[in-house]
Asks: 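Before I ask anything, let me first share the structure, which is written out below as structure tokens.
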Amino acid sequence: MKVLVTGAGGTLGRAVLPRLRADGVAVRAMSRRPRHDPAAEWVVAEVGSGAGLAEAVAGVDAVLHLASLPNSRRTHQVDVLGTRRLAVAAGEAGVAHLLYVSIVGVDRVPFAYYRHKLAAERVVAAGPVPWTVLRATQFPPFLDALLRTASRLGPVIGDPAVLAQPVDQHEVAGRLSERLTAGPLGAIEEYGGPQVLRFDEAVRAWRAARRSHRPLLPVRIPGRLGRALREGGLTTTATPTGRRTWADHLADTYGGTGRR
């Protein structure tokens, strides 16, 4: 099987490429700028403009669509219209499976970027190519970066009751490889980490791993957004789940305080 991976240079893309190769998949990696990797065929194309898409999808059996542009003026252009361009090009090329990676909560959490992701899901489902959507929860590096940003002024600022379910991006890569092997699902699948954590729990473990004494400054997120986040809008009860915990990520990244 030969698979085109869009957004191959991102956090998930860097985990996906070696996993697919290890599983015997021939990989064509796509990015907006030229790259060199002797282990993969790299092509230059852009979903936002459509440039290079016809050549990128030619001769592949499946497309794994990871490319996204969060929180930008061009998010709609890239995530929604770009996904439509990709689906049309893939259909014209006779691609047998379009696997789109989305986010758990896009249908429940009133966040602007999530509206674009949900619209892209609908484009995929209505498109000409047999499809699967896999919604994943947040990756630990994302949560880690969020906490570093939230503590720039000293204390860690956040709503202590917000719920998260971090899932290791390498385990998501493994699930994606399995879905490609299984073929089109024609449905949405959710995949999350093994633990649901309150924000204050995640902060305590993060501070301990970093040997930091920064206090948590509780700030309640108002309105519908805050309510959705506190009610578990970013979490899923779907099984199977990943196995690696937030504590595992912290131990690997900072030395940690032991695994729970």
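Owing to the predicted nature of the structure, the values given are computational and were not obtained by experimental measurement.
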Asks: Using the ring pair (Phe, Tyr, Trp, His ring centres under 6.0 Å) rule, collect all pairs that involve residues 118-142, keeping only residues at least two apart or in two chains.
Replies: none

Asks: Check this for me, if you would: do Asp252 and Arg244 make a salt bridge, where the nitrogen-to-carboxylate-oxygen distance has to be below 4.0 angstrom?
Replies: yes

Asks: What distance do Leu99 atom CG and Leu176 atom CG have between them, rounded to the nearest 0.5 Å?
Replies: 5.5 Å

Asks: State, yes or no, whether a side-chain contact exists between Pro160 and Leu216 at a heavy-atom distance under 4.5 Å.
Replies: yes

Asks: Rounded at 0.5 Å granularity, tell me how far CG in Asp168 sits from CZ in Arg243.
Replies: 12.5 Å

Asks: Answer yes or no: is there a side-chain heavy-atom contact under 4.5 Å between Thr6 and Leu64?
Replies: no

Asks: Can you list every salt bridge (charged side-chain N to carboxylate O under 4.0 Å, His left out) pair that touches residues 138-151, not counting sequence neighbours?
Replies: Asp144-Arg148

Asks: Tell me whether Arg21 is salt-bridged to Glu41, with the criterion being a basic N under 4.0 Å from an acidic carboxylate O.
Replies: no

Asks: Hey, can you tell me if Tyr113 and Phe111 have their rings parallel, tilted or perpendicular (30° and 60° cut-offs)?
Replies: perpendicular

Asks: Out of curiosity, does Leu134 fall in the hydrophobic cluster containing Leu17 (side-chain heavy atoms, cut-off under 4.5 Å, transitive links)?
Replies: yes

Asks: Indicate the atoms forming the closest heavy-atom contact of Tyr254 with Ala209, along with that distance.
Replies: CB-O, 3.5 Å

Asks: Evaluate the side-chain proximity of Val44 to Arg35: yes if any heavy-atom separation is below 4.5 Å, no if none is.
Replies: no

Asks: Under the ring pair (Phe, Tyr, Trp, His ring centres under 6.0 Å) definition, can you give me all pairs with a residue in residues 46-101, not counting sequence neighbours?
Replies: His65-Tyr100, His76-His116

Asks: Are Phe199 and Pro218 packed together at the side-chain level, in the sense that at least one heavy-atom pair is separated by less than 4.5 angstrom?
Replies: no

Asks: Give me the one residue out of Val104, Val106, Asp107 that meets side chain to side chain contact (heavy atoms under 4.5 Å, CB included) with Tyr114.
Replies: Val106

Asks: Calculate, to the nearest 0.5 Å, the distance between atoms CG and CZ belonging to Asp159 and Arg227 respectively.
Replies: 12.5 Å

Asks: Closer than 3.5 angstrom, by distance alone: can the side chain of Arg85 be matched with the main-chain N or O of Gly48 as a donor-acceptor pair?
Replies: yes

Asks: Got a second to check how far Arg214's CZ is from Ile157's CD1, nearest 0.5 Å?
Replies: 10.5 Å

Asks: Decide yes or no on salt bridge (charged side-chain N to carboxylate O under 4.0 Å, His left out) for Arg74 and Glu46, but give the supporting numbers first.
Replies: CA-CA 13 Å; Arg74 297 186 64 241; Glu46 185 176 0; 3.6 Å; yes

Asks: State, to 0.1 Å, how close Val133 and Ser102 come at their nearest heavy-atom pair, and which atoms those are.
Replies: CG1-CB, 4.0 Å

Asks: Tell me, please, which residues at least two apart from Asp61 pass salt bridge (charged side-chain N to carboxylate O under 4.0 Å, His left out).
Replies: none

Asks: Taking all non-hydrogen atoms of both residues, which atom of Val63 and which atom of Val60 are closest, and how far apart?
Replies: CG2-CG2, 4.2 Å

Asks: What closest approach, in Å, do Ala96 and Val129 show between heavy atoms, and which atom pair accounts for it?
Replies: C-CG1, 4.1 Å

Asks: Atom CZ in Arg14, atom CG in Leu66: separation rounded to 0.5 Å?
Replies: 11.5 Å

Asks: Give a yes or no on whether the backbone of Gly154 and the side-chain of Ser151 come within a donor-acceptor separation of less than 3.5 Å.
Replies: no

Asks: Nearest 0.5 Å, what's the CD-CD distance between Gln169 and Gln138?
Replies: 12.5 Å

Asks: Side chain of Glu231, backbone of Ala228: donor and acceptor closer than 3.5 Å?
Replies: no

Asks: Is it the case that the side chain of Ser72 and the backbone of Leu69 share a donor-acceptor pair, with hydrogens and angles ignored and the cut-off at 3.5 Å?
Replies: no

Asks: Tabulate below the donor-acceptor pairs under 3.5 Å that side-chain atoms of residues 178-188 make, not counting sequence neighbours, or state none.
Replies:
| from | atom 1 | to | atom 2 | distance (Å) |
| --- | --- | --- | --- | --- |
| Glu178 | OE1 | Arg175 | NH1 | 2.9 |
| Arg179 | NH1 | Glu189 | OE1 | 3.1 |
| Thr181 | OG1 | Ser177 | O | 3.1 |

Asks: Would the distance check show the side chain of Arg230 and the main-chain N or O of Ala161 forming a donor-acceptor pair, the cut-off being under 3.5 Å?
Replies: no

Asks: Between Val43 and Leu4, is a side chain to side chain contact (heavy atoms under 4.5 Å, CB included) present by the stated rule, with each step listed?
Replies: CA-CA 9 Å; Val43 296; Leu4 172 70; 4.3 Å; yes

Asks: Check whether the side chains of Glu190 and Thr236 place a donor and an acceptor atom closer than 3.5 Å, and report yes or no.
Replies: yes

Asks: Out of curiosity, does Val123 fall in the hydrophobic cluster containing Val101 (side-chain heavy atoms, cut-off under 4.5 Å, transitive links)?
Replies: no

Asks: Provide the full list of salt bridge (charged side-chain N to carboxylate O under 4.0 Å, His left out) pairs with a residue in residues 112-122, sequence neighbours left out, each pair given once.
Replies: Glu121-Arg135

Asks: I'd like to know if the side chain of Thr235 reaches the main chain of Gln165, judged simply by a donor and an acceptor atom lying under 3.5 Å from each other, with no hydrogens or angles considered.
Replies: no

Asks: Show your working on side chain to side chain contact (heavy atoms under 4.5 Å, CB included) between Leu197 and Trp246 and close with a plain yes or no.
Replies: CA-CA 9 Å; Leu197 297 171; Trp246 176 234; 3.6 Å; yes

Asks: Heavy-atom distance under 4.5 Å between the side chains of Thr83 and Val47, does that happen here?
Replies: no

Asks: Step through the shown structure and confirm whether more than 12 heavy atoms of other residues, nucleotides or ligands are within 6.0 Å of CZ on Arg108.
Replies: yes

Asks: List the atom of Arg28, the atom of Ala58, and the distance in Å for their closest heavy-atom pair.
Replies: NH1-O, 2.7 Å

Asks: Testing the basics here: between Pro194 and Gly242, what is the closest heavy-atom pair and its distance to 0.1 Å?
Replies: CB-O, 3.3 Å

Asks: Are the side chains of Val57 and Leu86 in touch, meaning some heavy atoms are under 4.5 Å apart?
Replies: yes

